[in-house]
There are 2 protein chains.
Amino acid sequence: MKGIRQLAKHLDISIGTVSRALNGRPDVNEDTRKRVLAAAEELGYVANQSGRSLRQGTTNVIGLMIESSKETVENSDNFFLGVTGGLQSVLSRHKLDLLMLPCPNDEDPHEYLKRMVARRIVDAMIISATQRVDKRIDLLIKTKIPFVALGRSTSGGNHTWIDLDFEGVAACAVDRLVSKGHRRIAIAAPSNDINLGYIFVDAYRKSLERHGIAFDPALVIRVKSSEQGGYQAGHEMLRLESKPSAIILIYELMAIGLYRRLNEAGIVPGRDLAVIGFREEPRGKFLQPSLTCFRMSLRDLGVELAETLLATMPAYAEHYPKGARSTIWPLELAPGESDAFSLTS
Amino acid sequence: MKGIRQLAKHLDISIGTVSRALNGRPDVNEDTRKRVLAAAEELGYVANQSGRSLRQGTTNVIGLMIESSKETVENSDNFFLGVTGGLQSVLSRHKLDLLMLPCPNDEDPHEYLKRMVARRIVDAMIISATQRVDKRIDLLIKTKIPFVALGRSTSGGNHTWIDLDFEGVAACAVDRLVSKGHRRIAIAAPSNDINLGYIFVDAYRKSLERHGIAFDPALVIRVKSSEQGGYQAGHEMLRLESKPSAIILIYELMAIGLYRRLNEAGIVPGRDLAVIGFREEPRGKFLQPSLTCFRMSLRDLGVELAETLLATMPAYAEHYPKGARSTIWPLELAPGESDAFSLTS
DNA sequence: CTGAAAGCGCTTACAG
DNA sequence: CTGAAAGCGCTTACAG
């Protein structure tokens, strides 16, 4: 005999009372509760989760699905681990645990999620690396699992998401460059179907138009979201007939590769070419000249993600009266030397 | 009605037969099995994990406990995500899923693990960031959860672990430096209780003795395992009365901070001071002059971890006849320019 | 080869 | 305030 049965026997009371005491039900004699709690502590009893889950229909676990793509692995500040802290600080208020579900590289993310959802390992999900068309969203809606997507998507319609303010970043970068006299501004965008690529390029285009600058497709350089992609972007930019005087990067690590390619060509960022990077991150901090980029708190993003997710869950929604609103997450300009010069002066 | 019951009703057979068919039992008519599989696929049925777990006493989940300390978060190549790929490639052979359990910063790792273990969320655990004295190991032994520790410890006695070859790295680094004429070799070691610190310093000491060089405690510089710690190490080294001509670093990111401090002092690595770093990693790749350090495959380490863990699990041990041996994981020297000069020439 | 039934460890109406 | 009992969704001896 083990589990709650053993504990109950040891205390010489019924398992029902033990369960009620442990779960903080009000209808338990305070002395009884104390005895139960003490005995549980002493014997190291914690309720078997499978038993609880089966009975309650709830696992008290929130899943964070991550993809261990090369990009994610090489990203130098562990984006997800950073977000994790903020997530947990909120989830722990409700005794919810966070588990990270790493989708194997060789498995289709949709199939992986389907399996995890069907097994009912988690009560709710956070998905990331949202694609422009993302079947996972339809799946989660269909199976009625509460979820929030980190990244917008055209799939799913009315679900909840949180996304970085790509529009704001693109507009700020373009405004800043134009104010320094730049007219030919290139952009390095991801070559895959990730949704942020579309949003970013679109915002860039609109910002240009606002300044009366015609959009030139040749200045949209499609590369991998990696350091290598940044190198490639530099390479392609140098081969353009009509060269840009500035470039905006969409992914943090691109700056490193770009600097490398520029260095090879004897081009100095901030003197010969204006460069604006995306999210500030540790590796980029060592670039010389320092990179103008954008800053955000991963922890705060985690808090927002958790609160939004809980707002979509009927059992917790009452604590989050703001409701399950989709959010554009702002980034703050961190000016550096890489775009310091003016063309007009 | 839902779950297996619904599926059985739909097929007009008993739930027992459905279960047997789905689980690949031999005693099922092949036609029946095909019908069941097809219907499950069609209706999207996957067995509820809580039901299975409760009945079987097994969750088919392996946990990887990680700590989201600042060090881990800032580590630039996502060590754990790198290991994850190798782990999953082995675990998937046995239909085991890997879940990452991130211990919140404000929770004691021992308490966290205790809770996770008691809830029986996983069948086995991989723990990391092993401390010299690590109560988690005693806990896992006591509760008889199969596990493997990534990192040696003095706790626990006869458990299975895998650890990097700190001895080999220290010996190789010292040998290399001594062969270039260095006699005063400093070492930057972690200031906390993580076990690798003890091992590394010990190996360093023995290597020196092998060359007849007296151990000088002043040359063991205790700093945080971070970029900032590397800066600090440089700072403290410069204040030594009798300056070393070489320094060995114990943590990958230290090199970046060290280079920064050296740069401030006008000291050029590889010309004025020999520097040997620890594990090769993306951020260090951009250091000038290039850093002499050590290389390893995170994926291969993941494979080894998984195979070792499975060998400790009775249900899988037969597939891993090598058994559950503790392993010292080798690193390969990746020579750079940072220790290129000789004192003797 | 298949079905009926027991039981994994819990929580929770229900009765007292 | 407490106990006895049902039942969550499965798997697996057991009987046929």
Side-chain angles (χ1 to χ4, degrees), chain A residues 1-37 39-40 43-61 95 115-123 143 315, chain B residues 1-37 39-40 43-61 95 115-123 143 315:
Chain A
M1 188 174 45
K2 48 188 285 208
I4 199 171
R5 205 136 240 138
Q6 183 182 22
L7 184 59
K9 178 131 195 179
H10 177 255
L11 288 161
D12 202 27
I13 57 180
S14 75
I15 60 167
T17 300
V18 171
S19 175
R20 281 189 292 264
L22 253 22
N23 288 303
R25 291 295 151 103
D27 55 349
V28 177
N29 180 293
E30 264 317 308
D31 282 346
T32 310
R33 188 194 306 281
K34 276 187 195 135
R35 282 183 58 220
V36 172
L37 258 36
L43 303 182
Y45 172 80
V46 177
N48 176 309
Q49 189 58 38
S50 296
R52 298 194 77 180
S53 297
L54 198 54
R55 174 63 228 234
Q56 297 195 116
T58 178
T59 63
N60 298 312
V61 170
K95 301 204 171 183
R115 208 172 81 232
M116 289 301 166
V117 163
R119 286 172 62 179
R120 298 268 153 190
I121 289 179
V122 300
D123 290 343
T143 52
Chain B
M1 189 174 48
K2 49 189 286 208
I4 199 173
R5 204 136 241 137
Q6 184 181 23
L7 184 58
K9 176 131 195 181
H10 176 256
L11 288 162
D12 203 27
I13 56 179
S14 75
I15 60 168
T17 300
V18 171
S19 175
R20 283 189 292 265
L22 253 24
N23 288 302
R25 291 294 152 103
D27 56 349
V28 177
N29 179 293
E30 264 317 308
D31 281 346
T32 310
R33 188 194 307 280
K34 275 188 195 134
R35 282 183 60 220
V36 172
L37 257 36
L43 302 182
Y45 172 80
V46 177
N48 177 309
Q49 188 58 39
S50 297
R52 298 195 77 180
S53 296
L54 198 54
R55 175 62 228 237
Q56 299 194 116
T58 178
T59 63
N60 298 313
V61 170
K95 300 204 172 183
R115 209 172 83 233
M116 289 301 165
V117 163
R119 287 172 61 178
R120 298 269 152 187
I121 289 178
V122 300
D123 291 341
T143 53

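Lettering of chains follows the sequences in order, A, B, ..., and the numbering in each one begins at 1. Keep in mind that the numbers below use all heavy atoms, side chains included, and drop hydrogens, waters and symmetry copies.
Distance CZ (B/Arg119) to P (C/dC8): 22 Å, rounded to an integer number of Å. Here the C1' atom of nucleotide D/dG9 and the CD1 atom of A/Ile121 are 15 Å apart, to the nearest Å. Distance CZ (A/Arg35) to C1' (D/dT2): 13 Å, rounded to an integer number of Å. One atom, CZ of A/Arg25, and another, P of D/dC1, lie 15 Å apart when rounded to the nearest Å. For the pair B/Ile4 CD1 and C/dG3 C1', the interatomic distance rounds to 13 Å; values are reported in whole Å. The distance between atom CD of A/Glu30 and atom P of D/dC1, rounded to the nearest whole Å, is 8 Å. Rounded to an integer number of Å, the gap from OH of A/Tyr45 to P of C/dG9 is 10 Å. Atom CZ in A/Arg5 sits roughly 8 Å away from atom P in C/dC8 (whole-Å rounding).
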Using Watson-Crick or G-U wobble pairs with both distances under 3.5 Å, give me DNA chain D in dot-bracket, 5' to 3', with [ ] for crossers and | for pairs to another strand.
-> |||.||||||||.|||
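Residues passing the salt bridge (charged side-chain N to carboxylate O under 4.0 Å, His left out) test with A/Arg55, sequence neighbours excluded: none. Scored by the salt bridge (charged side-chain N to carboxylate O under 4.0 Å, His left out) test, A/Arg52 finds no partners at all (sequence neighbours excluded). Taking A/Ser14 as the reference, A/Thr17 meet the side chain to side chain contact (heavy atoms under 4.5 Å, CB included) condition, with sequence neighbours excluded. Checked against salt bridge (charged side-chain N to carboxylate O under 4.0 Å, His left out), A/Arg35 has no partners two or more places apart in sequence or in another chain. Among residues two or more places apart in sequence or in another chain, the side-chain hydrogen bond (donor to acceptor under 3.5 Å, both in side chains) test is passed with B/Ser53 by B/Gln49. Residues meeting the side chain to side chain contact (heavy atoms under 4.5 Å, CB included) test with B/Leu7, sequence neighbours left out: B/Leu11, B/Val18, B/Leu22, B/Ala39, B/Ala40, B/Leu43, B/Tyr45. In this structure, B/Asn60 has no side-chain hydrogen bond (donor to acceptor under 3.5 Å, both in side chains) partners at least two apart in sequence or on a different chain. Scored by the salt bridge (charged side-chain N to carboxylate O under 4.0 Å, His left out) test, A/Arg120 finds no partners at all (sequence neighbours excluded). Partners of B/Asp27 by side chain to side chain contact (heavy atoms under 4.5 Å, CB included), not counting sequence neighbours, listed by chain and number: B/Arg20, B/Arg25.
Of all the residues in residues 48-61 of chain A, A/Asn48, A/Gly51, A/Arg52, A/Leu54, A/Arg55, A/Gln56 reach under 4.0 Å from DNA chain C with at least one non-hydrogen atom.
Residue B/Thr17 has no polar side-chain atom (N or O) positioned under 4.0 Å from OP1 or OP2 of C/dT2. For the pair A/Thr32 and D/dT2, the criterion of a side-chain N or O lying under 4.0 Å from OP1 or OP2 is met.
Residue A/Ile13 is in sugar-phosphate contact alone, with no base atom involved, counting any heavy-atom pair closer than 4.0 Å across all strands shown.
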What do the steps show when you test A/Ile13 against A/Val36 for side chain to side chain contact (heavy atoms under 4.5 Å, CB included), and what is the final call?
-> CA-CA 9 Å; A/Ile13 57 180; A/Val36 172; 3.8 Å; yes
Find every protein N or O atom lying less than 3.5 Å from an N or O atom of nucleotides 14-16 of chain C, and list the pairs.
none

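In plain terms, the two heavy atoms of B/Leu37 and B/Ala21 that are nearest each other are CD1-O, 4.1 Å.
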